[in-house]
Amino acid sequence: MTKQDRAVRTRLALIRSAAEQFEARGYVRAGLAEISAGAGVSPGALHFHFANKAAVAEAVEHAAEQALREAAACHRDGDGSALQRLVDVTHHVARLLCADVVVRAGLRLNAEQVAGRVRDLRREWRQCVQGLLTEAEREGELAAGVTPQRTSAVVLAATTGIEVLAREDDGWLARPSLTDLWQLLLPCLAAPCLAGTLDPAGSGSAGSGSVGSAPAGPGVQAEAGRVGLAVR
């Protein structure tokens with residue numbers, strides 16, 4: 001393993017360890033000593049990569065943002081019904097939150113507005129929801145009187161609420177919870193021509209892989225792509 005490879009691995013280990021501390025204890029109570037210990041490195045190694053705790057938190061938020069952006073893009077730019085892709089992306093993001101501590105911690109940090117940062121991790125999600133509903137309207141998929149603006153507000157409120165509730169009980173992110181949500185919403189949103197064609201549990205394109213813990217979740221993988229050429 002080259003020196004650069006080791007540096008990248010150390011940085012990513014620190015980001016994951018920091019995410020675990022931020023999720024469990026919040027930004028204020030999380031300590032740099034615990035973060036470095038969780039990554040299996042010295043405090044000096046941590047300070048080689050990050051000037052302070054705020055810099056570590058920024059890296060966690062950035063990795064979470066990249067993972068959420070990639071999840072949104074894969075459904076926003078897909079094929080088939082826009083309403084089905086909207087259903088699918090909610091299931092995708094729920095699995096992402098279950099699987100990736102970096103994404104969960106990034107959203108928590110962003111909600112706490114740590115250190116006065118202005119990054120908006122939910123912006124990509126809002127744009128994804130609004131874009132898919134606008135496409136659905138354009139393709140005649142929405143019921144009469146249903147507008148993208150009002151509908152996106154409902155979907156955003158519901159999905160953001162689920163994410164917040166899941167901080168205490170991850171059962172809110174389970175597939176049946178989202179399926180129940182869409183079983184209620186779709187009959188109100190979808191044009192009659194789509195009746196019976198939309199799957200509230202998510203179509204095959206939503207994926208059905210395991211969301212068990214992994215050494216490096218999508219958020220950390222996204223960060224790896226960013227730092228691979230930057231760390232020397």
If you define the side chain from C-beta out and look only at heavy atoms, does anything of [X] sit under 4.5 Å from [Y]?
X    : Y    : result
T159 : V129 : no
E65  : R123 : yes
L68  : V103 : yes
L32  : N52  : no
T10  : F48  : no
R108 : F22  : no
P148 : L142 : yes
V60  : L109 : yes

Problem - Donor-acceptor contact present, side-chain R76 to main-chain C128, <3.5 Å - result: no
Handout entry: Any donor-acceptor pair under 3.5 Å from Q21 side chain to A30 backbone
Key =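 No, the answer is negative, given that no donor and acceptor are paired below the 3.5 Å cut-off.
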Practice task
Might you work through the side chain to side chain contact (heavy atoms under 4.5 Å, CB included) test for V41 and L14, ending with a clear yes or no?
Solution key: CA-CA 8 Å; V41 302; L14 285 164; 3.6 Å; yes
Can I get a per-line list of side-chain donor-acceptor pairs under 3.5 Å for residues 178-197, giving both atom names and the distance, sequence neighbours left out?
| residue | atom | partner | partner atom | Å |
| --- | --- | --- | --- | --- |
| T179 | OG1 | R175 | O | 2.8 |
| W182 | NE1 | T90 | OG1 | 3.0 |
| T197 | OG1 | L194 | O | 2.7 |

Completion exercise
For residues 143-163, the salt bridge (charged side-chain N to carboxylate O under 4.0 Å, His left out) pairs (sequence neighbours left out) are R122-E163, E163-R167
Exercise for the section: Going by the side-chain hydrogen bond (donor to acceptor under 3.5 Å, both in side chains) test, name the single residue among Q84, H92, R85 that passes it with H75. Expected result: H92
Practice task
Kindly write out the residues that satisfy salt bridge (Lys or Arg N to Asp or Glu O under 4.0 Å) with R6, not counting sequence neighbours, or none if the list is empty.
Solution key: none
Exercise for the section: Give the minimum heavy-atom separation between A136 and A82, together with the two atoms involved. Expected result: N-CB, 3.7 Å
Problem - Electrostatic pair R126:D120 at N-O distance under 4.0 angstrom - result: yes
Handout entry: Positive for salt bridge (charged side-chain N to carboxylate O under 4.0 Å, His left out) with R104, one of E61, E23, E20
Key =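 Passing option: E23.
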Handout entry: Side-chain donor-acceptor pair present, T147, E137, cut-off under 3.5 Å
Key = no
Practice task
Indicate if L96 and V164 have the same hydrophobic cluster label, given that clusters are the connected sets of ILVMFWY residues with side-chain heavy-atom separations under 4.5 angstrom.
Solution key: no
